[in-house]
Structures are given as structure tokens and as C-alpha cells.
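One structure is given below, encoded as C-alpha cells.
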Amino acid sequence: MSSSASPLVTRFAPSPTGHLHIGGARSALFCWAFAKKNGGRFMLRIEDTDAARSSLESARGIIEDLHWLGIVNDLGPFIAADGSVGQHDWEASSGHPPVGEYFQAKRVPIYNKYLEQLVKSGRAYPAFESNEEIDAQRKVAVAAKQTYRYPRPSEIEFGKFNAALEARWKRAQAGERHVMRFAAPNEEIVVHDEVLGDVKYAPGEMDDFVIRKADGFPIYHFAVVIDDETMGVTHVMRAQEHLNNTPRHVALQKALGFRTPSYAHMPLIVNMDNSKMSKRDKAKFARKAAKDAIAKDKAITATSLSASTGQDEKLIAQFLSADNDSLEIAQALAKHFKVPLPEIEVWDFRQNGYLPEAITNFVSLLGWNPGLKTPDGKDLEKFDMQFLASHFGIDRIGKTSSKFDRAKLLAFNADAINALPDEIFVSRWRTWCEEFEPEFAKAVGPSADRWLVLARAVKPRAKTLRDGVKSSAFLVRPDSATDFDPAAAEKNLLASDRAGLKLLRTIRDRFDSVTDAEWTPELLHSLIEQAGQQAGTGMGPVSQAIRIAIAGAAVSPPLGETLAVLGKRSALVRIDACLAEFGSAS
RNA sequence: GGCCCCGUCGUCUAGCCUGGUCUAGGACACCACCCUUUCACGGUGGGGACAUGGGUUCGAAUCCCAUCGGGGUCACCA
């Protein structure tokens, strides 16, 4: 085997501060696909150097989200069957030394080693200003409409470990609080980007940015450069928001004597209103819902909301005035006002009944396109992970940002659901229900047959797995718990001198005369048809009356199947309850 | 504001590199009709875009420039 040839390596390097963002999912997908297409490896690395915001639970969550999508990494952490965090590393035969740690927080000694190298070569220096001092200076600059650039101390000589630097180094070694800054080169930097082409940055654009924080953790730019080098990353593919970081990385690589990997910056994914898709959107959305409600009803206050949601009143007040974007409060308010929060993270989509294959397919089309036609001449846009792994290429990544069109995703999801054979659909639907709609799953019960019948009735019109629950929940709730839609009842039962109720009474007696053995979709259908003929109305009005009685609404799966699933007893109880509710036809 | 990126239907995009086959194609959404026991599905049809202005050229969505517009980024976050 060609163990000596340096293999192609891409990486996805999330920071574990929450669930996997849908944009992150696309980045990971493209990195994965590019590696697969080129016989390379896809690496996962966890960027947890922000000690305050990072958590191991988030890292686990992200790894699981990726796994659920079918994006499996060849290198870096994974979740083992027993739930522990394992790790794939370079094997001895690969020719690449093992990386050891894929969590940045555990690599601090490595960063420090390179940092010292930089200091000793006069390319990094300790700086002792406090955060507050810098902030104050920055504010002055911003107020004067100037771009703030940290002024390099005059005693620091670029590229020289002089006495002044040595003195600073000693102070730092002695424990004085400091940050480490990179002595940026005063030269033009050209980023060769595989998507955008050459992007030039003039000399002097870059200031002496911080590369190690006072807490001893490296800044992103520094850790990334060292990790990409030492982990063997050859191709960096990330979102365009990182483009302006790249010159820093290139400068750092040069100062450290590293190679520069190949870069490809992908277009951003934005909301329909052009704003950046972010986790904060949930807070914005919940805040708007709350404010709308308050505008309508002055009685709603932070105090009343605190009472009804159980959240802290102060935090709610802050939330409402946009002083915080607490996800917890956003969720509590959304639940209280019964508004759905926008799906932003992979987990949100999963929870709401999206299929991973629909998500990966849809998201892969955001900024990329296979450029192929289907046999009937249309643009090819439905494909699976295997297809991506064999057709993906950077050359077909676009430059323009893409709006995230939920309607199209929903259409893709509906198609993906309908493409599933019934047996597969029922098992996936059931598994999903057990996780996300446990009460519904419990109400359906253990019978595989019952699940299958239900699944068949539900699948053709379900755009999400949750839709399947919504459209069939009426079937599994107690017969006495029907919640009649007043408008639908008026139209289909009471209108035209209670015509619907009369039809309902007639069909009720016909149903009553059917034996349990005869209670099949076919027979029921023909009974309804006959009743419609005899009434001279066709089967429509009869059907609608039955729908109101058994579902409470004017919409349901086809009645034959629906009634069959329900069973004769329940059907009659519901019809009788309905007749009682609206008064029997006189 | 400085720097950087981008600009084809409402949206995702094909076409652009290698000008003519583009009266600009597809998908989602929308509208109409058909199918239909409801809702979906499906079928047929329809409206809908080359940001603007200058060049270059016999000819420009395609090449060049300007303008306008949108976005990103300017942290001891990543």
C-alpha cells in the first residue's frame, strides 16, 4: 500500500457549544464527501479552547448529530457502543505519526511548545495590557471611525529575540498575567482559494493579534494552524465567514515553517431575510411572539410569564428587552405561546421528524450542484450520500450565499418519506415516535400490525414523521376525548337544516349491523357509497359527517382504512358521542 | 467606517471559464384546470429572472469597467 504517499485529509472542527448547526452540517458533509471522493480521510477535531462555553456533552451531541446524518469520520473522536468517547488515530502503517489528542483543550503543551519557538524567533511576544485597557482604546478608535489596530510596542523588533523581548518573556514565565501576541509581517498576503481564486490582503492590514489568552489557552487561529499541520490536514473547507481569518493562518504558517494547506471557502447559508442563520434566531423569534402577545393583551407581563412558565422573572424581563438570548427562556416562551421555534440545528430537524437523507440531500444543494441531468432532461437534484461520495468536487461549489428555504426542505422530506417502502417507513416512524412522541407510541401499543396499518394510512400525506402523528393522533385517543372543530362541524353537520347529522344517523345504523368480521375497509367503503347514493348526495357529505364524528375535523386519511383501524366499537361510540354533542337529527 | 466576497425567476440553481444552439432550462413555492369521499399525492398548463449603465464584438447572461445593491469580517469567540 502507498503508506508513504501523503493522503488527502479534510477536517470538520466544531466548537462544542451546543448542537450541530445546520450550516456546520453542510461544512462537515462537504469535507466528508471531498475526502471520500478522493480516497482521503475525514477528520473530526473538537475546538474546545473556550473553557467557559465548551462542554463535553455538546461534543458528544455534535458527534451523534453527525453520525445520525451518516457523516462518519475516519479520524478523531467517536461515540462507542457503550456510550464512551473513543478515538480513531493514525495507525502505524499510515506513515503519519499518531495525533494523540483531538480535543484542543488537551493539546495545550503542544501549542506552548510552538509558542516558545515563535517567541524565540522574535515572532511572538507577551503583552501585559489588561482586557479593559484594550477595550477602552478600541472604543476610542471606533468612535473616531478608525479601525483599531494594536500598536506594536516600539521595543519589539520584528524577527529578533532582543533584550526587551527576553525581559517580557521572563516576566511572563514568572507568572505575570499576560496574553501572547503574534508579530504580524508587514507584507502582502495572498490566499489561494479553490472557490474564490486569489484573494489579496495589503501589507499592514493585519495587526499583532492575540494567539494565546491570559488563561493559557490558545486563540483559535493559533490552535488551528498547529493542528492542521500536526494532524496532517491537507484541505481546509469551511464557510466563507472564515475567509478573512485565512491571511492570519497563512502568516502564522509561514512564521512557524509550516506548509499551507489548500483552502476552499464555501458560501454562507442565510435566512430568507438575508440575516445570518444563527442559534440566536430562536431567541429573536420567541421574543417577537411574546411581544406580539403583550401588544394584544396588556395583562401579560414578565411577572405573569414567570408564573406561567416557571422561569425567573428577572431573566424574562431581560430576555424581553433583548439583554439576553437565553435558549431556555426562548423555549419556555415558545411553549407557552404555542409557537414553533425555527429549526436551526440538526437536532431541531430530527426532533421535528425530518429524515437525515432529506437533510443531507437538501443541504448539499446549498452552494453545490452536481451539474448533471436526469434521463428525462431535468436537473439532477435527488441523490444520496453514496452519490455525493462519488461525485462531489470543489469545482462546482458556488460563490453566492444561499437562503435556507424551508419549504423546499419540506418537499424533499416528503419525497424521501414517500420513497420509503412501507416496512422501512413503519420501523423508522415507530422508532422516531418512541423517542419523540412517547405518549402516542404508547397509545398505539405493541402490535406490529397496528403500527403497519397506521403507517400505511399516514405515509402518503406525511411531510414529516411528526405529521404522521398529527394526522393519526385522533385514532389513538380515548373515544370520549374527541375535540370537535366548530367550523367543520357547522359546515358538515349542522348546515342545510342539519343534513349532515341525518346522514350520520343513517350510516350509524348501517355500521351497527356489520359484524366484527365484516368490518373491513372495502365493506365500509361500499356502505358509505351506498348511503351516499340513496341520499342522492354522493358519498362526499356522508364521508365528511363521519369524519367530524370520529376525528373531530374535516380532514383524515381515507375513511375505510380509518374506520378499520378504529374498530367497530370505537367508531360507534364516537358517532354516538357526536350525535349527542350536536343533538340528534330531528 | 476599513478590508474582503458576491450579484440569473420569490427561493435553490443550470448556463458564464471555452461569447452565437438562451424567444435563458430545471426544482421548490405560487396560480388554474384535471383526478378525487376530505386532506395530501399525481397529471396538465401558466405567471415569474440575466441589478443598472457604459464599453469590447457582426453578436454578451457569458469578456472589461463603473455604479448601485447584498453579505462577511474587524474579540483575551470559534
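Below, chains carry the letters A, B, ... as their sequence lines are ordered, and counting in each starts from 1. Hydrogens, waters and symmetry mates are skipped; everything else that's a heavy atom, side chains included, is used.
- Residue A:Asn274 has its side chain nearest to B:G70 when only B:A78, B:G70, B:G7 are considered.
- Between A:Arg138 and B:C76 there is a side-chain polar atom (N or O) within less than 4.0 angstrom of OP1 or OP2.
- Of the listed nucleotides (B:G72, B:C77, B:C41), B:C77 has the atom at the smallest distance from the side chain of A:Lys213.
- Taking the P atom of each, B:U62 and B:U56 are spaced 15 Å apart, rounded to whole Å.
- A salt bridge links A:Glu176 with A:Arg171: at least one charged nitrogen is closer than 4.0 Å to a carboxylate oxygen.
- As judged by a 4.0 angstrom heavy-atom cut-off over every strand, A:His525 is placed among the base-contacting residues.
- With a 6.0 Å cutoff to the six-membered ring centre and a 45° limit on the axis angle, A:Arg248 counts as a cation-pi contact of A:Phe209.
- The listed nucleotides are B:A14, B:U37, B:U73; the one nearest the side chain of A:Asp379 is B:A14.
- Counting any heavy atom pair closer than 4.0 Å across all strands shown, A:Val210 reaches sugar-phosphate atoms only and no base atom.
- Listed candidates were B:C5, B:G15, B:U37. Nearest to the side chain of A:Arg396 is B:G15.
- For A:Leu366, taking side-chain heavy atoms from C-beta onward, the closest of the listed nucleotides B:U38, B:C12, B:G26 is B:C12.
- For A:Asp405, whose side chain is taken as the heavy atoms from C-beta onward, the closest listed nucleotide among B:A27, B:G71, B:U11 is B:U11.
- A 4.5 Å side-chain heavy-atom check between A:Tyr148 and A:Val142 finds every atom pair outside the cut-off.
- Distance from the side chain of A:Leu365 is smallest to B:C12 among B:C77, B:C12, B:A29.
- Distance noted for atom C1' between B:C68 and B:C22: 26 Å (whole Å).
- OP1 or OP2 of B:A27 lies within a sub-4.0 Å distance of a side-chain N or O belonging to A:Lys378.
- A:Lys276 places its NZ atom 9 Å from the P atom of B:C74, with the value rounded to the nearest Å.
- Here the side chain of A:Lys145 is nearest to one of B:G1, B:A78, B:U13, namely B:G1.
- Distance noted for atom P between B:C33 and B:U73: 47 Å (whole Å).
- For B:A78, one of the phosphate oxygens OP1 or OP2 lies less than 4.0 angstrom from a side-chain nitrogen or oxygen of A:Thr49.
- Rounded to whole Å, atom P of B:U18 lies 16 Å from atom CG of A:Asp395.
- Base orientation at B:C39 is anti, since its O4'-C1' glycosidic dihedral falls outside 90° of 0.
- Nearest nucleotide to the side chain of A:Ser402, out of B:U13, B:A78, B:G2: B:U13.
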Next item on the list: May I have the step-by-step check of side chain to side chain donor-acceptor pair (under 3.5 Å) for A:Thr230 and A:Arg107, ending in yes or no?
Entry: CA-CA 11 Å; A:Thr230 58; A:Arg107 298 170 56 79; 2.9 Å; yes

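- On a pure distance criterion of 3.5 Å, a polar donor-acceptor pair joins the side chain of A:Arg461 and the base of B:C39.
- For A:Lys399, the side-chain atoms get nearest to B:C6 when compared with the rest of B:C6, B:C76, B:U73.
- With a 6.0 Å cutoff to the six-membered ring centre and a 45° limit on the axis angle, A:Lys382 counts as a cation-pi contact of A:Phe412.
- Comparing the P positions of B:C6 and B:G10 gives a spacing of 23 Å, expressed to the nearest Å.
- Phosphate contact (OP1/OP2 of B:U38, side-chain N/O of A:Lys491, threshold under 4.0 Å): absent.
- Judged by a 6.0 Å distance limit and a 45° cone about the ring axis, A:Arg181 is positioned over the six-membered ring of A:Tyr150.
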